[in-house]
Amino acid sequence: MLLGIMLQVTPIVAPPAPVLVTSARRTAFADEGAASTGYPVSVEVRGGGAVLYRGTVRVALNSQSMVRQTQSEPAVRTCGAAQGYRPSMETGLTLTFQSANYGAGEGRVRVTVRWVRAGADACPTTDVTRAVELNAVVDLSGGAVGLDGDGGLSIRLKREG
């Protein structure tokens, strides 16, 4: 006699998919609803009695503008390897502009100016480089702004739009 055995089969069910819950807060910026194309700012940088840069830079919300110039040229005189001679003297200027509004209108800008030049010695040794850096947040909504740093470095800014 054959006994019939019935097996009950229960299907295996996968667990429910995980649910991702976020609590990130969005920070509102000034004039967030309107797309900002920015505005032009005229810039003049002076140092060492000369104009280092003159031009126009566009500043806009949530973006950065940068101007960078470098110059490399042979030394004024031959110094020889014994003095740590470098084949060239280098100078450079870097300007960065970034909106610094934080919900307070469109005129505040963070400005950084860095001016690097060879030392005063006519023989450019490996350890003679001078640098001046100026960092500030300025409000351009009222027109022109001027900043003065060390070593004769100065910058004049004027909002054009």
Side-chain angles (χ1 to χ4, degrees), residues 22-161:
T22 63
S23 62
R25 286 182 30 191
R26 183 166 154 52
T27 303
F29 290 96
D31 302 325
E32 180 176 82
S36 175
T37 58
Y39 52 89
V41 176
S42 63
V43 179
E44 181 178 274
V45 179
R46 295 180 153 279
V51 174
L52 303 175
Y53 176 81
R54 183 180 291 141
T56 303
V57 176
R58 180 165 293 285
V59 175
L61 285 172
N62 301 324
S63 58
Q64 177 177 311
S65 301
M66 180 183 285
V67 174
R68 182 178 293 155
Q69 13 182 90
T70 59
Q71 181 175 343
S72 180
E73 58 189 358
V76 176
R77 64 183 176 114
T78 303
C79 300
Q83 287 87 9
Y85 175 77
R86 261 191 313 201
S88 65
M89 295 174 67
E90 296 183 12
T91 60
L93 180 69
T94 304
L95 309 169
T96 57
F97 302 89
Q98 188 167 15
S99 174
N101 298 316
Y102 312 117
E106 225 182 61
R108 292 172 50 88
V109 177
R110 178 174 306 283
V111 179
T112 302
V113 182
R114 181 169 172 79
W115 178 35
V116 178
R117 61 202 186 281
D121 188 3
C123 187
T125 58
T126 56
D127 60 349
V128 178
T129 301
R130 294 182 295 171
V132 179
E133 185 167 300
L134 181 59
N135 295 294
V137 174
V138 297
D139 188 354
L140 296 177
S141 60
V145 174
L147 299 169
D148 295 316
D150 295 335
L153 179 65
S154 67
I155 183 169
R156 301 292 174 254
L157 305 164
K158 183 178 178 189
R159 182 175 175 162
E160 298 294 332

**Prompt:** Atom CZ in Arg108, atom CG in Leu140: separation rounded to 0.5 Å?
**Reply:** 10.5 Å

**Request:** Can you sort out the partners of Val43 under side chain to side chain contact (heavy atoms under 4.5 Å, CB included), two or more places apart, ordered by chain and number?
**Result:** Val41, Val45, Tyr53, Val57, Leu95, Phe97, Ile155, Leu157

**Message:** If the condition is side chain to side chain contact (heavy atoms under 4.5 Å, CB included), which residues does Asp150 pass it with, not counting sequence neighbours?
**Reply:** Val132

**Prompt:** Looking at Ala131 and Val116, what are the two nearest heavy atoms and their distance?
**Reply:** CB-CG2, 4.0 Å

**Least distance between heavy atoms, Arg117 atom then Gly151 atom** = NH2-O, 4.2 Å

**Prompt:** Minimum heavy-atom separation for Pro40 to Thr56, with atom names?
**Reply:** CB-CG2, 3.6 Å

**Request:** State, to 0.1 Å, how close Gly107 and Arg159 come at their nearest heavy-atom pair, and which atoms those are.
**Result:** CA-NH1, 3.8 Å

**Worked verdict on Asp139 versus Val145 for side-chain contact (heavy atoms from CB on, under 4.5 Å)** = CA-CA 8 Å; Asp139 188 354; Val145 174; over 6 Å; no

**Asked** For Thr112, which residues count as a side chain to side chain donor-acceptor pair (under 3.5 Å) partner, sequence neighbours excluded?
**Response** Asn135

**Prompt:** Of all residues at least two apart in sequence or in a different chain, which pass the side chain to side chain donor-acceptor pair (under 3.5 Å) check with Ser154?
**Reply:** none

**Complete:** Across all chains, not counting sequence neighbours, the salt bridge (Lys or Arg N to Asp or Glu O under 4.0 Å) partners of Glu44 are Arg46, Arg54

**Asked** Just wondering, do Leu93 and Val67 contact through their side chains at under 4.5 Å, heavy atoms?
**Response** no

**Asked** Hey, does the side chain of Thr70 reach the backbone of Gly92 with a donor-acceptor pair shorter than 3.5 angstrom?
**Response** no

**Item:** Gap separating the CD atom of Glu133 from the OG1 atom of Thr94, nearest 0.5 angstrom
**Value:** 9.0 Å

**Complete:** Residue pairs meeting salt bridge (Lys or Arg N to Asp or Glu O under 4.0 Å), one or both in residues 59-72, sequence neighbours left out, come to none

**Prompt:** For the atom pair CG (Leu61) and OH (Tyr39), what is the distance rounded to the nearest 0.5 Å?
**Reply:** 8.0 Å

**Minimum-distance pair of heavy atoms, taken over all atoms of Leu147 and Ala136** = CD1-CB, 3.8 Å

**Prompt:** Can you list the residues that meet the salt bridge (Lys or Arg N to Asp or Glu O under 4.0 Å) rule with Arg156, with sequence neighbours excluded?
**Reply:** Asp148

**Request:** Identify the two heavy atoms, one from Ala60 and one from Gly38, that lie closest to each other, and give their separation to 0.1 Å.
**Result:** CB-CA, 3.6 Å

